[in-house]
Amino acid sequence: MAPSPTGDPHVGTAYVALFNRVFARQHGGKFVLRIEDTDQSRSSTESEQAIFSSLGWLGLTWDEGPDVGGPMGPYRQSERTAIYREHIQMLLDNGHAYRCFATAEELAEMRAHQKANKLQLRYDRRHRELSKEEIERRLAEGQDYVVRLKMPEDGATTFTDGLRGEITIQNEEIDDQILLKSDGFPTYHLANVVDDHLMEISHVIRAEEWIPSTPKHVELYRAFGWEPPQFIHLPLLRNEDKSKISKRKNPVSLEYYERVGILPEALRNFLGRMGWSMPDESEKFSLDEMEANFTWAKMGLGGPIFDLKKLDWLNGLYIRELGPEALVDRLMGWRIHREALLELAPLIIERIERLEDVIPMTSYFFGDDFTLDDPQALIPKKRDKLSTYRAVKSLTEAIDNTHPWNAETIEATLRGQCEALEWSPRDLFMPTRLIVTGRKATPPLFETMEALGKARVQARMRASLKVLKP
RNA sequence: GGGGCGUUAGUCUAGUGGUUAGGACACUGGCCUCUCACGCCGGUAUCACGGGUUCGAGUCCCGUACGCCCUACCA
C-alpha cells in the first residue's frame, strides 16, 4: 500500500488498502504502508498524518510503515533518495538509462508540434544517443537533466495481471519514461520498482490506471536483473457518470464519511462489496469474514459506481445492530463529546438565553439540517447568477487547497478570494455563510467553518455549485 | 490521434455451455402500526450490438459500438 501524501485521504486509497490488507493477512503476509512523497511540491506531512489517522479510523492498520517501523525501512520515499541515486547510477552504467537535457519548455514545444501534426504524443528520444563528450560538456556547463529509461525499440512486453491474465503492449508504444527528475527525486516508476524489490513486496495490488505503465516497470525489473512481483490491478471506483471517482462529483475524502457519521466498519464493508462478493453473496460482512473468504476469483473487473444510497442503507444496518447502549457510545465517540462541544461553546455562548437554544443553534454542525434550492438567495445585490457561480466555484477550489484547516487559514483564503475576484467581503461572505450553514445569522464565519470541518464545508460548497450551475 | 482495460436491470452483484437469469440498494404495492422509521411479504426492470462455434451461449471465438484509464520532470 503506497499512497502519496497529497491532499485529503481518498476513498480510493482506502479501497486499495482494504484489498491489500485482506490479501496480505489471509496469506500470513505483511501489509506494508509506504509513503510515496516524491513530489516535493504536492506532498505534505499533514497529508501524511491524515493518511495515518483516516486509515486508522477505518481499522485498516498496517504491519510496517513510517510510524510503526519495520525491517525494511525507511518507509518514506523522501528518506530513501540515496538509494534511488545509487540505483539510477546502476542503470546509467549498464546502459538501461540515459540522461536527457531537454527542458520542460522544449518538451512542451515538442508535444505541441506532435499534436499539431497529429503525430504520436511521445518523447522523441532526442538525447537517447548523445555522445559521451556531449554529455560531459552539458554536465560541465551545469545543465539540468533528467534520467530516462531506455526502452527497447521493438518487440513487446508481456506481463500477467492477476485478474486479467496476460497483457501485451508493443514496446514502440512505450515512452522512455523519466525515472529521475531534475530535482534529484525519483518518479513513481523508479521509486516504486526499487522499493518494491528492496522491501520484498510479493504482490503489487494497485488501481487499474497503472496498467499502461506496467511494461515500464517490468522493463525496469529486467534492467536491474530482478524478478518482478505479481501485479494485480483493481478496478477504478467511479462517479455516477462512470468517470474515475473525483471530488468534483462525489465526496471522496475519508474525513467526510467520518464526519457525517458513517461507521468505519460499514464503509469497509461497503468498499469490500465494490467489485467483490462473498461466496454466499451476503451484503453484510466483517473484515475478518472477508479475510476468511477472500479470493480473487470473486473479483469483478467493471469499475463500480460509488453509490451513497447503498452505503447509507448498510450503515443503518450496522447502527441497528449496535443497540442503544453501543449507539450512545458511538455518538459520544463521534461528535457528541466534550471536546466537540467545547469547540462550539465559544461560538454560541453570547447568542443563547436558554440552554435549549443550543440545539437549533448548533444543528447544522452535526448534520445537513437544510437544503439549498433557491439560487436567488445566494446571489448578492448587483451581482448575477453566473458571476456568483464563478465566485463560488473559485472559492471552492481555494478551499480545497486550504491547509491546515483553521480560522486563520480560512480567513486568508476567503479574503484572498475577495481580492482575486474583486468582490467585497460582504458580497462573498454572505453567500458562503448561507451555503455552509443554511442561515443568514451565524457565529463568525471563519470559526464556524473551522468547526464545521473541511470535508463538510467542501461538500456543501459543491452542493451549492449544483444549484447555481448555469 | 495512439495504446490499454472493461461492458448482467438506474446502482452493487451471482452466474465458469443447458437456470422461469438469482440476491441486494433504489423505486413501488401491501402487512405491521397512533405517525414515521425498522421489520416482513409482493411488484416493475437486466445479459450493449452483430456474426460465428455448438444440439444448446449471459457464459467460448471474432467484429462493432459504447464507457473508462494512460498518453506529465503527478501519482
Side-chain angles (χ1 to χ4, degrees), chain A residues 2-7 10 12-13 16 35-43 77 100-108 111 114-123 144-148 156-157 159 161 163-165 167-175 177-192 206-216 233-245 269-284 297-314 316-317 319-321:
Chain A
S4 43
T6 57
H10 201 276
T13 302
V16 174
I35 297 293
E36 309 226 328
D37 54 349
T38 55
D39 184 338
Q40 285 294 275
S41 59
R42 295 199 312 149
S43 299
Q77 291 186 328
C100 167
F101 296 88
T103 61
E105 300 77 60
E106 210 178 323
L107 292 173
R111 250 176 253 122
Q114 289 170 340
K115 205 159 194 174
N117 295 288
K118 297 206 164 179
L119 295 166
Q120 298 264 318
L121 289 170
R122 200 137 45 222
Y123 173 62
D144 274 350
Y145 64 88
V146 299
V147 177
R148 290 179 181 269
T157 300
F159 64 94
D161 175 86
L163 295 174
R164 282 156 266 256
I167 295 175
T168 299
I169 296 178
Q170 296 302 315
N171 288 151
E172 59 183 14
E173 299 294 341
I174 305 165
D175 224 335
Q177 182 62 46
I178 292 178
L179 301 175
L180 194 75
K181 299 181 259 188
S182 55
D183 66 1
F185 276 81
T187 55
Y188 169 86
H189 309 277
L190 199 240
N192 189 265
R206 68 212 327 180
E208 193 176 28
E209 54 191 331
W210 292 106
I211 290 177
S213 41
T214 303
K216 296 169 184 173
H233 293 95
L234 264 23
L236 239 24
L237 261 22
R238 312 290 183 96
N239 298 311
E240 224 167 304
D241 65 0
K242 303 217 188 244
S243 54
K244 171 165 108 169
I245 195 165
N269 186 161
F270 180 68
L271 255 13
R273 280 253 48 189
M274 302 273 88
W276 189 79
S277 59
M278 288 283 273
D280 66 352
E281 267 211 283
S282 42
E283 296 286 343
K284 185 167 169 294
K298 300 291 282 183
M299 193 84 206
L301 300 176
I305 290 168
F306 200 82
D307 179 7
L308 283 314
K309 283 247 176 63
K310 191 154 181 177
L311 207 210
D312 283 338
W313 165 77
L314 232 200
L317 244 42
I319 285 179
R320 261 159 255 138
E321 188 186 64

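To find a chain, count down the sequence lines: A is the first, B the second, and so on, and within it residues start at 1.
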Residues in salt bridge (charged side-chain N to carboxylate O under 4.0 Å, His left out) contact with D307(A), at least two apart in sequence or another chain: none
For the base of rC73(B), is there a side-chain donor-acceptor partner from S182(A) under 3.5 Å away? yes
Counterpart residues, salt bridge (charged side-chain N to carboxylate O under 4.0 Å, His left out), relative to R273(A) (two or more places apart): E283(A)
Polar pairs (N or O, both sides) under 3.5 Å between protein and nucleotides 42-45 of chain B?
none

Interface polar pairs with nucleotides 59-62 of chain B, N/O, under 3.5 angstrom:
none

Protein-proximity profile, nucleotides 11-16 of chain B, B/S/- by nucleotide at the 4.0 Å heavy-atom cutoff, equals SBBSS-
Set of salt bridge (charged side-chain N to carboxylate O under 4.0 Å, His left out) partners for K284(A), sequence neighbours left out: E321(A)
Sequence neighbours excluded, the answer for side-chain contact (heavy atoms from CB on, under 4.5 Å) partners of H10(A) is T13(A), I245(A), V252(A)
Looking at every strand, decide which applies to S41(A) at a 4.0 Å heavy-atom threshold: base, sugar-phosphate, or nothing. nothing
Partners passing side-chain contact (heavy atoms from CB on, under 4.5 Å) against D183(A) (at least two apart in sequence or in another chain): Q40(A), K181(A), F185(A)
Holding to salt bridge (charged side-chain N to carboxylate O under 4.0 Å, His left out), I want the full list of residues that pass it with E281(A), two or more places apart in sequence or in another chain. none
Could you pull out all residues at least two apart from V16(A) that satisfy side-chain contact (heavy atoms from CB on, under 4.5 Å)? M1(A), N20(A), L234(A)
Checking I305(A) now: which residues fulfil side-chain contact (heavy atoms from CB on, under 4.5 Å) with it, not counting sequence neighbours? R238(A), K242(A)
Output one line per pair: protein atom, nucleotide atom from nucleotides 1-4 of chain B, and distance, for all N/O pairs under 3.5 Å.
| unit_1 | atom_1 | unit_2 | atom_2 | d |
| --- | --- | --- | --- | --- |
| rG2(B) | O4' | Q120(A) | NE2 | 3.3 |
| rG2(B) | O2' | Q120(A) | OE1 | 3.3 |
| rG2(B) | O2' | Q120(A) | NE2 | 3.0 |
| rG2(B) | O2' | E173(A) | OE1 | 3.1 |

